[in-house]
Amino acid sequence: MPELPEVETVVRGLQSVLSGRTIVSVRLGKTDFIKDPVAVAELLPGRKVEKVERLGKFIRLQLRSGATAKNPEQGLDLLVHLGMTGWLGVRRPEDPVPPHTHVFFELENGRELRYTDIRRFGQMFLSPSEGIGRFGERLGKEPLEISAADFQTRLAGRRARIKAVLLNQHVLRGIGNIYADESLWQARIHPARLATRLSVEELRRLRMAIRNVLRHAIEDRGSSISNFVDAEGKPGEYQQRHRAYGREGKPCFRCGTKIKRTIVAGRSSHFCPHCQRPPRTGRGRRA
DNA sequence: AGCTCTTCCTGAAAGC
DNA sequence: TGCTTTCAGGAAGAGC
């Protein structure tokens, strides 16, 4: 499932093949995950992809139209969220089209930018480039960029369980269920702890764990769970380094205790019951 | 404010 | 064996 490292992997793959390319035409299949499909179909042809970047779990394609004296350049961005099963990549038109491919952008160099999404939990929408600042602010901070001081104040004020806080894209952007569990395991913090009860030292440890986990995951080109593959179709390898996620019943890499799985904040959560001590008022579990 | 539950969707895996 | 049910989860919205 695409989280920050997977989206970063896709974005890096897209940059080389998509930057400078112009969209010639648009073909759409199912459109229930697109906010304004008519606008996508009508406004994108003729626009050039200037830049590809990641905003949390969103992929941002910065598009520019051919500016004339009469028509000053109107910056437009296409934002794509891969949801659970989304894939975005460039193919040749003659390449086989996987099932559930719903968006085709024909490019001027004869290639095709395609969007495939089995479950259609993804999102696609347009935004004026000027509005992207406000969009980014609502999203919370990049976990690899946030300062230690900012991290402390943002998280310490939260009364929710730390797992819920990590998944909240308005606090930090880009962390999903896998990397929340992996980071909490590395920081030795139980997912059901209340964020506001974490010590300064624990918050420091958590920030470092998040940075460490995300950086290694990016190096490994993400985790291939749910058939994730990058923009070229290559799987990631970080799933081989998971220490908590998906390891229920297997020994903890630190102490050998069996990893447990419970529901915290409505999400399946994996942790070591020995290294990650539950809160005193311990709840937040269910069979 | 933040919790739980529900909805969206499909395919894999578990259950019978 | 083969059909049915459950589960997975990112995000948003309802209701409490």
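Chain identifiers are assigned alphabetically (A, B, ...) following the order of the sequence lines, protein sequences preceding nucleic acid strands; residue numbering begins at 1 within each chain.
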Value in whole Å for how far the [atom2] atom of [N] lies from [atom1] of [X]:
X: A:R120; N: B:dT7; atom1: CZ; atom2: P; result: 17 Å
X: A:L79; N: C:dA11; atom1: CG; atom2: C1'; result: 15 Å
X: A:L166; N: B:dG2; atom1: CG; atom2: P; result: 14 Å
X: A:I162; N: B:dC3; atom1: CD1; atom2: C1'; result: 16 Å
X: A:K163; N: B:dT4; atom1: NZ; atom2: P; result: 12 Å
X: A:R158; N: B:dC3; atom1: CZ; atom2: P; result: 10 Å
X: A:F33; N: C:dA12; atom1: CZ; atom2: C1'; result: 18 Å

* List for me each residue that meets side-chain hydrogen bond (donor to acceptor under 3.5 Å, both in side chains) alongside A:T101, sequence neighbours excluded, and say none if there are none. =>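 side-chain hydrogen bond (donor to acceptor under 3.5 Å, both in side chains) list for A:T101, sorted by chain: A:T116.
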
Atom pairs under 3.5 Å, N or O on each side, protein against nucleotides 13-15 of chain C: can you list them with distances?
none

I'd like to know if [X] pairs up with [Y] as an ion pair, taking the criterion as any Lys NZ or Arg NE/NH1/NH2 lying under 4.0 Å from an Asp or Glu carboxylate oxygen.
X: A:R54; Y: A:E142; value: yes
X: A:D181; Y: A:R243; value: no
X: A:E219; Y: A:R215; value: no

* Could I get the full list of ring pair (Phe, Tyr, Trp, His ring centres under 6.0 Å) partners for A:Y238, not counting sequence neighbours? => A:Y179, A:H242

* Asked: Listed by chain and number, what are the ring pair (Phe, Tyr, Trp, His ring centres under 6.0 Å) partners of A:F253, not counting sequence neighbours?
  -> none

* Between A:R277 and A:H274: side-chain donor-acceptor atoms closer than 3.5 Å -> yes

* Does A:K30 make a side-chain N or O approach to OP1 or OP2 of B:dT10 shorter than 4.0 Å? -> yes

* Would you indicate, yes or no, if B:dG11 has its OP1 or OP2 atom less than 4.0 angstrom from a side-chain nitrogen or oxygen of A:H100? =>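 Yes, A:H100 has a side-chain N/O under 4.0 Å of OP1/OP2 on B:dG11.
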
Applying salt bridge (charged side-chain N to carboxylate O under 4.0 Å, His left out), name anything that partners [X], two or more places apart in sequence or on another chain.
X: A:R91; result: none
X: A:E53; result: A:K51, A:R60
X: A:R159; result: none

* Contact list for residues 147-158 of chain A, test side-chain hydrogen bond (donor to acceptor under 3.5 Å, both in side chains), sequence neighbours left out ->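 The answer is A:K141-A:D150.
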
* **Out of C:dA11, B:dC9, B:dG2, whichever nucleotide has its closest atom nearest the side chain of A:R159** =>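 My answer, after comparing the listed nucleotides, is B:dG2.
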
* Which residues within residues 211-220 of chain A lie with some heavy atom under 4.0 Å of an atom in DNA chain C? -> none

* Mutual orientation of the aromatic rings belonging to A:H81 and A:F58 [parallel < 30°, tilted 30-60°, perpendicular > 60°] -> perpendicular

* Mind telling me whether A:F125 and A:F135 have parallel, tilted or perpendicular rings, with 30° and 60° as the class edges? => perpendicular

* Over its full length, what angle do the end axes of the helix from B:dG2-C:dC16 to B:dC16-C:dG2 make, each axis taken from five pairs and the result rounded to 10 degrees? -> 50°

* Among pairs that include at least one residue of residues 204-214 of chain A, which meet salt bridge (charged side-chain N to carboxylate O under 4.0 Å, His left out), considering only residues two or more places apart or in two chains? ->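 Pairs touching residues 204-214 of chain A that pass the test: A:E201-A:R204, A:E201-A:R205.
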
* Can you give one letter per nucleotide of nucleotides 4-10 of chain C, going 5' to 3': B for a protein heavy atom under 4.0 Å from the base, S for sugar-phosphate only, - for none? -> ----BBB

* Asked: Base, sugar-phosphate alone, or nothing: which one does A:D32 contact when heavy atoms must sit under 4.0 Å apart?
  ->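 It contacts sugar-phosphate atoms only.
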
